[in-house]
Amino acid sequence: MSNIRAIRGMNDILPDVTPSWQYVETVIGSLMASYGYSEVRMPIVEQTDLFRRGVGETTDIVEKEMYTFLDRNEESLTLRPEGTAGCVRAAIQHGLLNTVQRLWYTGAMFRYERPQKGRQRQFHQVGAEAFGVASPDMDAEVILLTARLWRELGIAEDVQLQLNSIGNAQSRNAYRDALVAYLRERVDALDEDSQRRLDSNPLRILDSKNQETQAVLDGAPSLVDFLDEESAADFSRLRELLDAAGVAYSLNPRLVRGLDYYNKTVFEWVTDRLGAQGTVCGGGRYDGLVEQLGGKSVPGVGFAMGIERLVLLLEECGQLPPAEASADVYVVSFGDSAQTEALAAAEQLRDALPGLRIVQHNGGGSFKSQMKKADKSGARLALIWGDDEVAANTVSIKPLREQNNERVGQQSVARAELEQTLRALLAV
RNA sequence: GUGGCCGUAGCUCAUCAGGUAGAGCACCGGAUUGUGACUCCGGAGGUGGCGGGUUCGAGACCCGUCGGCCACCCCA
């Protein structure tokens, strides 16, 4: 056995699950199109500074989770830990932001964390970003889009929307001061991590899982009371829109997010069916980000979801499409001239019946072993060439999915009629 | 970075006062001439994660290390 293994937390996605991934990706692709979102593809590596400035210096992501290295030019590069910063960078760099812009992307992201259920170091996100609209109708759009996705995937009952507004920078600062003042008087009751965050990032104490900390927070000032007028009005309008659209949500005043660029609306779709990693999709508004990364002052709102978690959830909910066979037709031949004939015929069939999955038996072996392979391929039909067929210029067609033993149902057709017969048998 | 559990054939697991390993599935071959699935027979496949220690002897006990899973932190 080889000593070389995949890097911890970076998993191979093997043939038993790739159909599930393809299914999810296909559904998402057409969903995005149906809302007018265009796909963009950004590099996996960016200048480290992009994430420092975009995601935020004091976030966990930047502080301890990035894959950062020097390239041969001594330039500091980082494997992207999330997609928004790179998407914004690309949009600024190529001048896409002089109009409303709806973009989506998918790909691998990297965070140096201990792997656990629903979390790996290389993981895959689908994200969408809508630029250029500051009003909450756009917030509603991205949320409605995600809500539709759950319906299309059959998991609408298994995810819940949590919603909050964290206001603009000024109101958030005011709230932070009030929160810190309140918590300082109760430092001893806080868990260790929360004590540390009093200095670094006090808002994140809010979603601590520690019971005692949460008890302390019960008496804390509420973020809602500090919201600026515009944020409050927009939040109220967003809720109106969601109500009217029939999207259920619960208000979670302690929902903050771990990335610094958010303001106003933040949301998460969560599930209780994935162990500790319950967030399937998270997002919000980031009105200052474009400017902070060197662009004009362009508002934005978006979300990202984790494909691994989505696939896990679908599996958990029994909503993955049934496994399909990898072949429709399996071609068996015995002897050189038969194989020559079979190979050419298979190529002609692929020309004539595109989409038909034709697997050619290679590597020889007895008829028996070839038929075993044919059966295991899941193909509906075996095409059989032997000396008899070559001599008579025919092909034997054997159905494999019926229960009969012997050669019942097997037929011999003239070589010239093969294509037509297959069309009829397979209804293609 | 911290904690808990775990590491025996490709996969799921078993055995045993500590006396140098088995099963099921999967794989390969066979059961009269060129035909799968069910059944039967046979075969291949493990330096028991790695290193050290205790012992006459260790997969089984001890230590270390590496790896996996789950949880904390945080998020997708």
Side-chain angles (χ1 to χ4, degrees), chain A residues 1 3 5-9 11 14 16 55 58-65 81-84 106-127 146 191-194 196-197 201 204-205 207-210 213 255-259 266 268-271 274-283 303-313 330 332-335 338 361 365-390 396-410 412:
Chain A
M1 184 180 292
N3 282 331
R5 302 174 42 91
I7 306 302
R8 181 204 294 266
N11 302 136
L14 298 175
D16 58 330
V55 176
T58 64
T59 58
D60 277 16
I61 290 178
V62 171
E63 274 183 350
K64 56 180 199 187
E65 295 176 4
E82 59 101 52
T84 301
T106 183
M109 309 290 164
F110 303 83
R111 292 184 199 171
Y112 191 88
E113 301 177 279
R114 288 292 280 269
Q116 67 185 76
K117 188 180 176 68
R119 192 212 342 250
Q120 31 282 127
R121 290 182 171 180
Q122 173 175 333
F123 63 106
H124 302 263
Q125 284 187 335
V126 171
T146 52
D191 61 277
E192 206 175 320
D193 287 319
S194 296
R196 191 160 7 90
R197 281 192 211 108
N201 204 336
R204 273 189 295 144
I205 298 174
D207 54 16
S208 163
K209 283 181 186 170
N210 185 283
T213 298
L255 176 64
V256 292
R257 310 246 322 132
L259 289 68
V266 294
E268 284 187 5
W269 288 95
V270 299
T271 179
L274 289 185
Q277 304 307 317
T279 305
V280 178
C281 171
F303 65 82
M305 67 181 94
I307 305 182
E308 281 84 357
R309 290 184 188 179
L310 199 47
V311 170
L312 275 178
L313 181 57
Y330 195 94
V332 160
S333 63
F334 196 75
H361 181 88
S366 64
F367 263 109
K368 190 185 191 67
S369 63
Q370 292 194 38
M371 289 305 294
K372 281 188 178 178
K373 290 279 168 48
D375 181 53
K376 274 166 193 145
S377 77
R380 290 171 61 191
L381 298 176
L383 301 187
I384 303 170
W385 266 273
D387 294 340
D388 297 349
E389 284 81 359
V390 172
S396 293
I397 305 177
K398 175 163 182 166
L400 296 172
R401 297 301 107 189
E402 272 102 64
Q403 292 304 312
N404 49 31
N405 269 337
E406 306 310 318
R407 301 187 191 181
V408 181
Q410 180 167 330
S412 178

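Bear in mind the structure is a predicted one, so any value in this text is a computation, not a measurement. These numbers come from the heavy atoms of this one structure, side chains and all, not from hydrogens, waters or symmetry mates. So that the names make sense, note that chain A is the first sequence line, chain B the second, and so on, each numbered from 1.
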Does a distance-only test, which skips hydrogens and angles, find a donor-acceptor pair under 3.5 Å between the side chain of R111(A) and the base of rA76(B)?
yes
Is it the case that S396(A) and E389(A) place a side-chain donor and acceptor less than 3.5 Å from each other?
yes
If you only use heavy atoms from C-beta on, which nucleotide in rU35(B), rA76(B), rA71(B) is closest to the side chain of A304(A)?
rA76(B)
Would you name the heavy atoms of P115(A) and R121(A) that are closest together and state the gap between them?
CD-NE, 4.3 Å
Proximity to the side chain of Q116(A) - top-ranked nucleotide from rG34(B), rU35(B), rA71(B):
rA71(B)
Nearest to the E389(A) side chain among rG34(B), rU35(B), rC72(B), which nucleotide is it?
rG34(B)
Nearest whole angstrom, please: distance from the C1' of rG10(B) to the CG of D16(A).
13 Å
Under 4.0 Å from OP1 or OP2 of rC69(B): is there any side-chain N or O of R114(A) that close?
no
Of the candidate nucleotides rG34(B), rG36(B), rA76(B), which contains the atom at the shortest distance from the side chain of K372(A)?
rG36(B)
Output yes when at least one side-chain N/O atom of R8(A) is less than 4.0 Å from OP1 or OP2 of rG68(B), else no.
yes
Scan every strand shown for a Watson-Crick or G-U wobble partner of rG64(B), both distances under 3.5 Å, and answer none if you come up empty.
rC50(B)
Find the partner of rG36(B): check Watson-Crick (N1-N3 plus N6-O4 or O6-N4) and G-U wobble (N1-O2, O6-N3) distances, both under 3.5 Å, and reply none if neither fits.
none
With both distances under 3.5 Å as the test, what is the Watson-Crick or G-U wobble partner of rC69(B)?
rG4(B)
Measure from the side-chain heavy atoms of F367(A) and tell me the nearest of rA76(B), rG36(B), rG34(B).
rG34(B)
Of the options rC69(B), rA76(B), rU35(B), whose atoms approach the side-chain atoms of R309(A) most closely?
rA76(B)
Return no unless some side-chain N or O of K209(A) is found under 4.0 Å from OP1 or OP2 of rC72(B).
yes
By the 4.0 Å heavy-atom rule, please label G118(A) as base, sugar-phosphate, or nothing.
base
Minimum-distance nucleotide to R5(A) side chain [options: rG36(B), rG67(B), rC70(B)]
rG67(B)
For the base of rA76(B), is there a side-chain donor-acceptor partner from E113(A) under 3.5 Å away?
yes
Can a donor-acceptor pair be found, under 3.5 Å and without considering hydrogens, that links the side chain of Q120(A) to the backbone of Q122(A)?
no
Output yes when at least one side-chain N/O atom of K64(A) is less than 4.0 Å from OP1 or OP2 of rU2(B), else no.
no
Rounded to the nearest angstrom, tell me the gap between atom CG in D193(A) and atom C1' in rG3(B).
13 Å
Check if the side chain of Q410(A) and the base of rU35(B) share a donor-acceptor pair of N or O atoms closer than 3.5 Å.
yes
Take atom CD of Q370(A) and atom C1' of rG36(B), then tell me their distance rounded to the nearest Å.
12 Å
Tell me whether the ring of F123(A) lies stacked over the rA76(B) base, given a 5.5 Å limit on centroids and a 30° limit on the plane angle.
yes
